Amino acid sequence: MEEILNKVDNVKDLKKLNIKEKEKLADELRQKILKIVSENGGHLASNLGVVELTIALHSVFNTPRDSIIWDVGHQTYVHKILTGRKNQMNTLRKLNGIAGFPKTSESEYDCFNTGHSSTSISVALGMARANKLDDRKNRVIAVIGDGALTGGMAQEALNDAGSSNADVTVILNDNEMSISKNVGGMTYFLSKLRTKRLYTRTNVKIKNVILKIPHVGKHIVRVIQKIKRGIKQIFIPKMYYEDLGFTYLGPVDGHDIEKLESVFKTSRFISGPVLIHVITKKGKGYKIAEENPDKFHSTPSFDIATGKPKKEKKMDYSKAFGDKLIELAKKDEKIVAVSAAMIDGTGLKEFKKQFPNRIFDVGIAEQHALGMAAGMAKKGYKPVVSIYSSFYQRAYDQVIHDICIQNLPVVMCVDRAGIVGNDGETHQGLFDMAFFALVPNITIMAPKNFEELGKMLEFAVNLNSPVVIRYPRGGEGETKFEECEDIKNGRAEVIKEGKDLTIIAIGKMVERAVEVSDLLKEQEIDCEVINARFLKPLDSYTIERSIRKTKNVITIEDGILHGGLGTSVIELINECKIDGAHVKCYGYDDVFVQHGSVDELEKLHGLDAKDIALSVQILRQMKTL
Ligand SMILES: Cc1ncc(C[n+]2csc(CCOP(=O)(O)OP(=O)(O)O)c2C)c(N)n1
């Protein structure tokens, strides 16, 4: 029964409800989210945790004129339901459906796109400064989790915002969890703050005094701030946020709509930067998620009664990586693992169990992860860092400045490389090959299956210089090739010989190349299939030989075309002066790829085997291949 939700299509309807109705609405929203995520998959626990917070925000603030920036943006399902998208939520994360993250193209209430962690305070501060310059009185609110707050960008923004006079409100959604239990010194500090209940009560009392005063002018607020600072000095001798320059309100129970609304109302009268500390429970209202918030942070579709995934989880690349690393670490005590808040997602959970002293979870801090790994490498260790492709984007300078210029032996494993699917454009791993390939001193590999990943990892930890190994999400492209030759530096693998067309592919696309070759065989086009294995150094010997023979080459890669495999092959053809060679490159052409299933997206971009084969036939008829 969605008795209240049926009456609420937008924030106007929400604002008409009384507290009792809003509490009932919160229950109904939880049921709705549970149902949608159990069917479509998505970020469950974080959304269940912010139901009351979202209701209170839209009740008090004048959205969309007041702007809410959701950090990471994975917790915006309630926000989407309350801002006019209730009836499309069944399309959540599906191709052309509602995105799993805020999208300005979707609604004016999504005032900024997010997806990567720790950006919200910077953006909010920028908007607040622009408001001030334009003399607009609207509030700008950044909602950031305690996990995202550990990110360097958030800390840089706090430092700047605190010393500014901008009307920016930071809502710290503190559930003591990142994806897993939050880590680092900041978490100890927050846990100390959480215990200052007395201070909260005093705050609420102060607020009550304010609200009873008929005309709340700035001068009164200033007096109140002074009183509050006085109280702070009595009860909390040193308060980090206040010292930074924020007015700190809280901690407040994030599941009590009435309390949240009253703190938010108070905050509107305070000029300058405000930080409201809200305590929530991840997974709130669905017992299985409350007890396993990490499992239900992001989940595939599941059965609500048992919490079990609808599809049995198969072996995947992350696990293949984790298993092999354990095997290697047993033989080599210099191997250590580094993760940026993603131990589980990157397959390192078992490694952590077996080698608790040789794994370092640095929090959501990719730049720091690579800088720290560089330091360990300098002191003789062999750090193996595993980060998702799109999150490496954060740490490009560390790759160049801290690792590659000094030629340090850091192994950079790039998980979720290529199309990841439903999380959409911020999460697609399309850029890693192109940006790593530009950097001197680096070796770049991508395996065609789990076994090859293992061999590449073994090769990498013994190379004694910077190495990248990229592999896709799940088990996609995991081929049934029976044999896997050992890795030789810079050597490709010829999978099948042929005379009409060379197909060069890398990583999961090697399987695609074989499928294309099989389809073209039916058209009597005899293909030579090469598994590049190395993007850098590219095997110029094998590739040149093949192209001189066939005079025609196509490349297939799971990444952006500019700067990737295709570009490298074209450069090679130029350098080797292979006259008359025809080339066609298949990959993602200068585009951000939206959300949808991997298969759908590949088809959309002309990358499934049938489309490639058809395209080759057409090009051959046109005599351009
Ligand atoms: C730069 C970056 N690194 C890693 C991630 C993956 N990630 C998504 S949500 C999340 C945890 C966020 O924790 P918190 O901010 O506390 O939000 P909660 O889910 O607990 O509400 C992580 C690590 C990301 N989105 N961006």
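Just so you know, ligand 1 is whichever comes first in the structure, and atom 1 is the first atom listed for that ligand. Everything numeric in this text was worked out from a predicted model, so none of it was measured.
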Run the side chain to side chain donor-acceptor pair (under 3.5 Å) test on Thr63 and His58 for me, step by step, so that the C-alpha distance in whole Å, both residues' side-chain angles and the decisive distance to 0.1 Å come before the verdict. CA-CA 6 Å; Thr63 54; His58 282 296; 2.9 Å; yes

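- Classification of Lys22 and Glu52 as a salt-bridged pair fails, no side-chain N sitting under 4.0 Å from a carboxylate O.
- Atoms of ligand 1 found under 4.0 Å from any heavy atom of Gly145, numbered from 1 in the order shown, are 14 (P), 15 (O), 16 (O).
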Test side chain to side chain contact (heavy atoms under 4.5 Å, CB included) on Tyr471 and Val414 and set out the steps. CA-CA 6 Å; Tyr471 41 88; Val414 184; over 6 Å; no

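- Residue Met177 places at least one N or O, backbone or side chain, under 3.5 Å from an N or O of ligand 1.
- Using a 3.5 Å distance cut-off with no hydrogens or angles, the side chains of Thr169 and Arg139 do pair a donor with an acceptor.
- Asp415 and Thr346 share no side-chain donor-acceptor pair at under 3.5 Å.
- Put simply, the residue from Phe431, Phe435, Phe391, Phe436 that forms a ring-ring contact (aromatic ring centres under 6.0 Å, His included) with Tyr396 is Phe435.
- Those atoms of ligand 1 with a heavy atom of Asn175 less than 4.0 angstrom away are 18 (P), 20 (O), 21 (O).
- The closest approach between His43 and ligand 1 stays at or above 4.0 Å for every heavy atom of the residue.
- Nearest protein neighbour of atom 15 (O) of ligand 1, counting heavy atoms only, is Ala148 N, 2.8 Å.
- The closest approach between a heavy atom of His74 and any atom of ligand 1 is below 4.0 Å.
- Counting heavy atoms closer than 4.0 Å to ligand 1, residue Lys282 contributes side-chain atoms (C-beta onward) but none from N, CA, C or O.
- Near Met342, meaning under 4.0 Å from one of its heavy atoms, ligand 1 places the atoms 6 (C), 23 (C).
- Proximity annotation for atom 16 (O) of ligand 1: of Gly147, Ala395, Ser298, Gly147 comes nearest, heavy atoms only.
- A salt bridge links Lys80 with Glu106: the distance from a Lys NZ or Arg NE/NH1/NH2 to an Asp or Glu carboxylate oxygen falls below 4.0 Å.
- If you number the atoms of ligand 1 from 1 as listed, the ones under 4.0 Å from a heavy atom of His116 come out as 25 (N), 26 (N).
- His79 and Asp110 form a side-chain donor-acceptor contact under 3.5 Å, judged by distance and modelled atom types alone.
- Only the side chain of Glu366 comes within contact range of ligand 1, with a heavy atom under 4.0 Å; no backbone atom does.
- Closest protein heavy atom to atom 13 (O) of ligand 1: Ser178 CA, 3.4 Å.
- Not counting sequence neighbours, Ser386 has no partner by the side chain to side chain donor-acceptor pair (under 3.5 Å) test.
- Heavy-atom contacts of Arg394 reach the following atoms of ligand 1: 1 (C) (cutoff under 4.0 Å).
- Between Asp303 and Lys308, none of the side-chain N atoms (NZ, or NE/NH1/NH2) sits under 4.0 Å from a carboxylate O, so this pair counts as no salt bridge.
- Not a single N or O atom of Phe391, backbone or side chain, sits closer than 3.5 Å to an N or O atom of ligand 1.
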Sequence neighbours excluded and cut-off under 3.5 Å, please list the side-chain donor-acceptor pairs for residues 292-301, or say none.
| from | atom 1 | to | atom 2 | distance (Å) |
| --- | --- | --- | --- | --- |
| Asn292 | ND2 | Ile288 | O | 2.9 |
| His297 | ND1 | Lys282 | NZ | 2.9 |

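- Polar contact with ligand 1: present for Ser46 (N/O pair, distance under 3.5 Å).
- Residue contact annotation: Gly49 has no non-hydrogen atom under 4.0 Å from ligand 1.
- Protein heavy atom at the shortest distance from atom 26 (N) of ligand 1 is Ser117 N, 2.9 Å.
- The shortest contact between atom 23 (C) of ligand 1 and any protein heavy atom is with Ile364 CD1, 3.5 Å.
- Counting only heavy atoms of the protein, atom 10 (C) of ligand 1 lies nearest to Ile179 CG1, 3.6 Å.
- Residue contacts with ligand 1: Gly115 is included, with a non-hydrogen atom under 4.0 Å away.
- Side-chain contact, Asp174 with His277: a donor N or O sits under 3.5 Å from an acceptor N or O.
- Each of the following atoms of ligand 1 lies closer than 4.0 Å to a heavy atom of Asp146: 16 (O).
- Looking at Lys508 and Glu602, a side-chain N of the basic residue comes within less than 4.0 Å of a carboxylate O on the acidic one, giving a salt bridge.
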